[in-house]
Participant: 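Got a structure for you, questions after.
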Amino acid sequence: MKRLAAVVALLGLATATAACSGGSTNKSSGSGGGGGGLFTTIDVNRPGIDASGPANPWAPKGNSFIGYNAMKLGWVKNHLTDPNQFYPGIAASWEIAPDNSSVTIHIQPNAKWSDGKPVTAEDVKLSLGLASTTGSTAFAITPGAAGVAADVQVVDDKTVKVSQDMKNPSMKFARGVMDNWVVPAHVWSSLLPADFWDKLKASRSTGAEADKDREEILAIGQKVLAFAPPKDVSAGPFTLERVNPGEALLVKNKNFYNAAQVAPAQVKFLNYSGNEQIWNYLSAGKLDHSGFVAAPTDVMTRIKNAPGSQLIKGFSPVAVGLAFNQAKKPYDNVHVRRGLAYLIDRDQVTKVASPEGGIAAVTTSGIHQKPAQEWLGSELSTLEPYKHDVAKAEAEFKQAGLQKKNGKWTLADGTPWKFSMHAPAGFSDWISAQENIKSQLIENGVDAEVVTVADYPVYLEEIAAGKYDAGFWLMALGPAPYDIFQRLYGASNGWTNVAGKVAHSAPGKGGNWMGSAEEIDVQGVGKVNPGELTAKLNAATADQAKPIMLQLAKTANQDLPAIQLWDYVNTQFTNTSRFTGWPEQDSDLLRLPAGVWIQLGLIKAKQ
């Protein structure tokens with residue numbers, strides 16, 4: 001489950017393409033309900049319920065549940081290539097300027113807080129101000145950061161216009177605005193000082209005064225994270241009724257703008273501490289819905305056999321790669337990396353590690369194979385597939401100067417070579433995959449080991465410090481082109497992009513643990529600087545992005561900073577015993593929590 005939490009967190013990254021779009025206004029109101037009943041689920045984003053956590057969507061251990069009592073302006077659709085598509089949330093509709101310079105948001109006309117007060121434009125403005133104190137999305141306070149919200153204007157009581165600083169625009173701007181929480185100003189306004197917006201504007205400058213303003217704003221952010229409203233006042237379909245270490249209970253909000261279409265009368269979130277507990281819940285038919293949890297085949301069979309159990313699958317814009325630390329020998333040699341790519345049977349690895357939640361990567365392109373078809377077209381088939389081929393692997397190792405003695409590969413000088421892979425404890429699919437790779441490598445003369453580390457934060461800290469030869473690395477984070485390649489050619493590989501200016505740190509410096517060459521000669525392309533190419537994607541339209549993405553895909557395919565092992569499949573567990581109306585297979589709703597499905601009126605009580 002920790003692995004899933006990491007995936008979800010990383011998918012907070014998003015981007016946009018210039019477009020005009022709008023959502024449908026939902027004018028439903030009332031509290032008629034759709035049949036009542038108790039809906040039982042878990043929060044896959046935050047293992048463990050903290051009974052003392054506040055109903056605060058920014059609090060890391062808060063009791064705000066996305067789509068249930070925590071509401072965003074819009075809900076991001078799971079589109080292959082367009083990050084600017086949303087379902088309505090607090091925003092009933094929206095218009096994105098053709099040049100991506102602004103987004104105008106129209107609030108649900110019947111939206112009310114659970115205490116009966118209307119949701120207004122001032123609520124939205126205050127919420128965006130609170131977001132800026134935590135430095136999130138379009139509201140980063142880094143001087144010159146791309147895509148900064150330069151102005152938040154209340155147009156009327158139900159309309160807000162947010163403008164982007166076009167000196168350094170980002171195609172991620174609109175998504176950065178829409179993907180924000182909305183909280184009631186009459187509960188939260190005391191957190192922002194009267195001169196807050198002046199300070200925010202000044203903080204985007206440079207100099208001592210600006211530095212002071214930024215420090216003050218960040219200090220407010222700490223108060224925002226810790227704030228505990230005396231009562232849960234929500235504009236969502238539910239409000240928090242009570243919470244204890246075992247469960248959190250939410251009840252239907254009769255003032256929710258679409259309450260007539262909300263079926264459950266109550267929602268219960270069950271606590272869990274690990275995958276096994278979730279497996280047992282699912283096997284016993286206790287959960288109406290759960291996000292994906294990795295499970296071995298026998299457990300998966302048990303879950304499938306539970307009465308009413310069903311799996312819904314769709315696109316997931318994430319892949320996992322075996323990434324190399326090129327500051328360590330022999331991984332600085334591309335022929336070693338290619339040899340390992342030929343030696344690893346990705347189909348076998350995926351079958352062992354993630355038979356329900358992944359599909360073996362067709363090759364390393366840096367892009368999930370589904371959107372790769374859209375972005376690269378027929379060029380995708382021209383990339384080297386690195387199909388399992390022991391003879392090609394041995395040829396690559398020999399070209400790297402490695403020696404094979406008594407059936408074992410050594411370094412060029414004859415010293416032993418042990419290939420170490422690291423994974424966090426609890427990431428059962430990653431560990432299973434690495435154990436399988438280890439067996440494959442040992443069978444072909446490469447001494448290998450798998451080392452587990454305490455947890456994911458420790459793993460991230462140590463991999464960034466350059467302590468590992470290789471580790472698993474989430475990549476291909478779509479749908480925005482910049483985010484897709486930023487994982488391979490961003491800060492972890494030496495390139496930082498601030499205010500459109502790209503700087504490169506040497507391997508081992510500035511967080512550069514991957515250590516690719518700053519310039520790579522790519523067959524059929526010429527010499528490229530992949531970090532600078534990636535930075536261009538930040539402001540590129542879809543048409544402008546395509547040729548850049550092809551160059552980067554060819555670079556990743558030839559140079560292999562990581563071997564793309566499998567592309568994730570979004571797998572959801574549902575149970576039809578008590579509720580129906582679940583999203584269809586491949587629905588673009590599948591990356592959204594079930595609370596969003598409920599508030600959109602999909603879920604119905606079984607008659």
Side-chain angles (χ1 to χ4, degrees), residues 10 13 15 146 170-172 317-328 331-338 341 361 363-368 371-372 375-376 379-380 382-384 386 463-464 466 470-471 473-540 542 544-564:
L10 285 162
L13 297 169
T15 189
S170 168
M171 302 308 288
K172 300 165 60 176
V318 191
V320 64
L322 177 61
F324 298 99
N325 179 355
Q326 296 178 47
K328 290 193 171 188
Y331 314 106
D332 59 333
N333 191 313
V334 69
H335 296 291
V336 173
R337 303 194 295 274
R338 290 178 190 166
T363 184
T364 293
S365 69
I367 313 172
H368 189 292
W375 287 115
L376 307 180
E379 293 281 357
L380 177 61
T382 68
L383 299 179
E384 171 58 47
Y386 295 102
I463 198 171
W473 190 243
L474 294 174
M475 53 190 283
L477 300 181
Y482 175 76
D483 291 337
I484 288 172
F485 280 106
Q486 186 270 340
R487 292 291 294 179
L488 289 184
Y489 298 118
S492 299
N493 208 351
W495 287 275
T496 55
N497 175 18
V498 177
K501 295 180 180 177
V502 181
H504 184 263
S505 300
K509 306 288 185 183
N512 178 6
W513 64 266
M514 299 175 80
S516 288
E518 188 172 359
E519 189 175 76
I520 299 169
D521 194 355
V522 182
Q523 187 174 8
V525 178
K527 290 184 178 179
V528 302
N529 182 315
E532 290 186 351
L533 281 176
T534 298
K536 288 181 179 178
L537 292 173
N538 195 42
Q544 292 168 339
K546 280 188 175 180
I548 299 173
M549 295 186 76
L550 178 58
Q551 291 181 62
L552 286 167
K554 288 185 175 180
T555 304
N557 183 256
Q558 175 185 301
D559 200 53
L560 294 181
I563 299 170
Q564 194 164 334

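Hydrogens, waters and symmetry mates play no part in the numbers below; they use all other heavy atoms, side chains included.
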Participant: Counting only heavy atoms not in Lys536 (residues, nucleotides, ligands), do more than 12 fall under 6.0 Å from its NZ?
Facilitator: no
Participant: Taking all heavy atoms of Ala553 and all of Leu376, pick out the closest pair and write down the distance.
Facilitator: CB-CD1, 3.8 Å
Participant: Which of these, Thr555, Leu533, Val528, sits in a side chain to side chain contact (heavy atoms under 4.5 Å, CB included) with Tyr489?
Facilitator: Thr555
Participant: Calculate, to the nearest 0.5 Å, the distance between atoms CG and CE belonging to Asp483 and Met475 respectively.
Facilitator: 14.0 Å
Participant: What heavy-atom pair brings Trp513 and Ala323 nearest, and what distance separates the two atoms?
Facilitator: CH2-CB, 3.7 Å
Participant: For the pair Asp332 (side chain) and Ala327 (backbone), establish whether a donor and an acceptor sit closer than 3.5 Å, ignoring hydrogens and angles.
Facilitator: no
Participant: For a 4.5 angstrom cut-off between non-hydrogen side-chain atoms, does Gln326 reach Met514?
Facilitator: no
Participant: Ignoring hydrogens and geometry, is there a side-chain-to-backbone donor-acceptor pair from Asn325 to Ala470 under 3.5 Å?
Facilitator: no
Participant: Is a donor on one side and an acceptor on the other found under 3.5 Å between the side chain of Asn529 and the backbone of Glu519?
Facilitator: no
Participant: Are any side-chain N or O atoms of Asn497 and backbone N or O atoms of Val502, one a donor and one an acceptor, separated by less than 3.5 Å?
Facilitator: no
Participant: Would you say Thr363's side chain and Ser365's backbone share a donor-acceptor pair under 3.5 angstrom?
Facilitator: no
Participant: If we only count heavy atoms from C-beta on, is the Ser505 to Trp495 side-chain gap below 4.5 Å?
Facilitator: no
Participant: Using only atom types and a distance under 3.5 Å, with no angle test, would you say the side chain of Gln564 pairs donor to acceptor with the backbone of Ile367?
Facilitator: yes
Participant: How about Tyr482 and Thr534: do any of their side-chain heavy atoms sit closer than 4.5 Å?
Facilitator: yes
Participant: Is the backbone N or O of Ile520 less than 3.5 Å from a side-chain atom of Gln558, with the two atoms forming a donor-acceptor pair by type?
Facilitator: no
Participant: Check whether any side-chain N or O of Arg337 sits under 3.5 Å from a backbone N or O of Pro561 as a donor-acceptor pair, and report yes or no.
Facilitator: no
Participant: CE of Met549 to CZ of Phe485: how many Å apart, nearest 0.5 Å?
Facilitator: 5.0 Å
